[in-house]
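Please read through the structure below; I'll follow up with questions.
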Amino acid sequence: GAVVSQHPSWVICKSGTSVKIECRSLDFQATTMFWYRQFPKQSLMLMATSNEGSKATYEQGVEKDKFLINHASLTLSTLTVTSAHPEDSSFYICSASYGPQDGYTFGSGTRLTVV
Amino acid sequence: GEDVEQSLFLSVREGDSSVINCTYTDSSSTYLYWYKQEPGAGLQLLTYIFSNMDMKQDQRLTVLLNKKDKHLSLRIADTQTGDSAIYFCAENWGNNRLAFGKGNQVVVIP
């Protein structure tokens, strides 16, 4: 089946530094990937839609300069949290769709802690 | 985004059935999904239902869809301890985006 690999699983960084999270579709090509953020005991909030070869589409209220998305190939999208602050600490999850009838396959998530 | 409503917590004894409910807002959604999330993990697709179906059964899982009321439910038969998790319903909308419910935590008591 469709597999999405996300790395790293967790990362701790200092305030002011940048962190890159990778999302790879392992056995299928994904022209579109999605990035979500999840706070503890809350639902997933869609941050942006990552489009291969073009600019990402950000949801309302998400700072595109803060959360840089690059989708340079059909199997890789990256999310870079720039100049991270403690309020950026969260669980970030990516997903890709093999086809709507197959649902959306999710990565295992990245726990970001900014200290 | 779209608004998907779910209740929050369900406790069930092992071997009993669990029912989780969800309401959604976008009547044009073509697919509705149920996902399972275990602590610290990503989401696992459990099942989905196409919008022109009323019911779908997949082993221990039964999905019921009431399109008129925009109501979706998931029944887990013979609930097992491994079913303890948070369950999210989701609908697809606009450019294949997904809108998630708040999630329902299911705790299975041995």
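Letters A, B, ... are given to chains in the order of the sequence lines, protein chains preceding strands, and every chain is numbered from 1.
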Item to complete: Pick one of side chain, backbone, both or neither for B:Gln44, based on which atoms fall under 4.5 Å of a heavy atom in chain A.
Response: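 Nothing of B:Gln44, per the 4.5 Å heavy-atom cut-off to chain A.
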
Discussion item. Walk me through whether B:Leu98 and A:Leu46 qualify under side-chain contact (heavy atoms from CB on, under 4.5 Å).
Written reply: CA-CA 8 Å; B:Leu98 282 183; A:Leu46 179 64; over 6 Å; no

Fill in: Euclidean distance, B:Arg97 CZ relative to A:Thr57 OG1, rounded to 0.5 Å
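The distance works out to 8.0 Å.
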
Worksheet item: Of B:Phe88, B:Tyr33, B:Tyr48, B:Phe100, which meets ring pair (Phe, Tyr, Trp, His ring centres under 6.0 Å) against A:Tyr104?
Response: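 So the option named by the test is B:Tyr33.
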
Worksheet item: Shared ILVMFWY cluster between A:Phe91 and A:Phe106, side chains joined below 4.5 angstrom?
Response: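 Same cluster: A:Phe91 reaches A:Phe106 through Ile, Leu, Val, Met, Phe, Trp or Tyr contacts under 4.5 Å.
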
Discussion item. If you count every heavy atom of other residues, nucleotides or ligands that lies below 6.0 Å from A:Lys20 atom NZ, does the total exceed 12?
Written reply: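 No.
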
Discussion item. Tell me whether the count of non-hydrogen atoms from other residues, nucleotides or ligands lying under 6.0 Å of NZ in A:Lys66 goes above 12.
Written reply: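 Yes.
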
Discussion item. Heavy-atom pairs under 4.5 Å with chain B - which of A:Gln60, A:Gln38, A:Lys41 has more of them than the others?
Written reply: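 Of the candidates given, the most pairs with chain B belong to A:Gln38.
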
Discussion item. Take a 6.0 Å sphere around CZ of B:Arg60 and say whether it holds more than 12 heavy atoms from other residues, nucleotides or ligands.
Written reply: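 Yes - once you tally the heavy atoms of other residues, nucleotides and ligands closer than 6.0 Å, there are more than 12.
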
Worksheet item: Is B:Leu43 linked to B:Leu45 within one hydrophobic cluster, defined over Ile, Leu, Val, Met, Phe, Trp and Tyr using a side-chain heavy-atom separation of less than 4.5 Å?
Response: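 Both belong to a single hydrophobic cluster.
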
Worksheet entry | Neighbour count above 12 (heavy atom, 6.0 Å) for B:Gln59 CD |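 Open: at most 12 neighbouring heavy atoms sit under 6.0 Å from CD of B:Gln59.
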
Discussion item. Before you tell me yes or no, could you show the steps for A:Leu44 and B:Tyr35 under side-chain contact (heavy atoms from CB on, under 4.5 Å), namely the whole-Å CA-CA distance, both residues' side-chain angles and the distance that decides it to 0.1 Å?
Written reply: CA-CA 12 Å; A:Leu44 280 74; B:Tyr35 284 89; over 6 Å; no

Worksheet entry | Between A:Ser95, A:Ser108, A:Cys94, A:Gly107, the one whose heavy-atom pairs under 4.5 Å with chain B are most numerous |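 Of A:Ser95, A:Ser108, A:Cys94, A:Gly107, A:Ser108 has the most heavy-atom pairs under 4.5 Å with chain B.
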
